[in-house]
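Written out below as structure tokens is the structure these notes cover.
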Amino acid sequence: MKDGDAIRPEGGLPAASRTALRGPAVRRLLALRAGKRLTAGHVRVAADALGVSERTVWRWLATAQSDETAAANPGARSRVDARFTVTPEVRGLLALWKGNVRAVHRELVLRAARQSPPADAPSLTATSHIGVTISSHLDAMYLCWSQRRTGDIR
């Protein structure tokens with residue numbers, strides 16, 4: 001048994017059990033809401049039992065109301081998070097703008113706005129993951145360029 005799985009001496013459930021009970025608790029609260037019987041007391045008790053704030057439970061309820069799959073696993077991060085990938089188009093723009101991520105983003109936003117109907121441009125928020133990804137691609141492009149320039153292609 002892992003240390004986090006043990007029942008705590010001050011009482012209450014271990015973290016893994018509290019996480020597993022989020023879905024059933026949110027579904028029950030949604031059922032109470034549908035029957036017009038949900039009170040702040042219900043949310044307070046659920047928040048206390050799950051080890052989260054009341055605001056968090058209200059947020060889970062709002063999310064679960066609009067997305068049924070969110071009711072099954074409240075608080076979990078969405079797997080649909082659009083991870084940034086460097087496409088050949090972005091790689092070409094990075095080369096054109098000499099690695100200037102802000103200029104590449106500006107160009108992608110302009111291209112997306114010109115589409116009919118206008119689309120959303122990908123977010124190029126400068127996170128460490130994107131920075132590392134772009135940096136490694138730029139390093140590879142520079143190495144390739146320098147090898148071609150010197151004739152040292154293998």
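Listed by chain and number, the residues in a salt bridge (Lys or Arg N to Asp or Glu O under 4.0 Å) with R28 amount to none (sequence neighbours excluded). Legend: residues meeting side-chain contact (heavy atoms from CB on, under 4.5 Å) with A47, ordered by chain and number and at least two apart, are V52, E54, V57. For R33, the side-chain hydrogen bond (donor to acceptor under 3.5 Å, both in side chains) partners at least two apart in sequence or on another chain are Q65. Annotation: side-chain contact (heavy atoms from CB on, under 4.5 Å) contacts of T63 (sequence neighbours excluded): A70. Partners of S66 under the side-chain hydrogen bond (donor to acceptor under 3.5 Å, both in side chains) rule, at least two apart in sequence or in another chain, do not exist in this structure. Residues passing the side-chain contact (heavy atoms from CB on, under 4.5 Å) test with A64 are V26, L30, A71, sequence neighbours excluded.
For the atom pair R106 CZ and W97 CH2, the distance stands at 6.0 Å (nearest 0.5 Å). How far CZ of R27 is from CG of L32: 13.5 Å, rounded to the nearest 0.5 Å.
Exactly one of H105, E107, R111 qualifies for a side chain to side chain contact (heavy atoms under 4.5 Å, CB included) with V109. That residue is H105.
With contacts defined as side-chain heavy-atom distances shorter than 4.5 Å, the pair L61/V43 qualifies. At least one side-chain heavy atom of L108 sits less than 4.5 Å from a side-chain heavy atom of E89.
The shortest non-hydrogen separation linking L50 to R22 is CD2-N, 4.0 Å. Minimum heavy-atom separation, L29 to H42: CD2-CB, 3.8 Å.
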Should L93 and V90 be marked as a side chain to side chain contact (heavy atoms under 4.5 Å, CB included) after you check the CA-CA gap, both sets of side-chain angles, and the distance that decides it? CA-CA 5 Å; L93 288 172; V90 172; 5.5 Å; no
Before you tell me yes or no, could you show the steps for W60 and N73 under side chain to side chain contact (heavy atoms under 4.5 Å, CB included), namely the whole-Å CA-CA distance, both residues' side-chain angles and the distance that decides it to 0.1 Å? CA-CA 9 Å; W60 289 346; N73 199 4; over 6 Å; no
Side chain to side chain contact (heavy atoms under 4.5 Å, CB included) between V104 and L96, worked out: CA-CA 9 Å; V104 171; L96 175 70; over 6 Å; no
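No continuous path of hydrophobic side-chain contacts links V45 to L38 [ILVMFWY only; heavy atoms under 4.5 Å].
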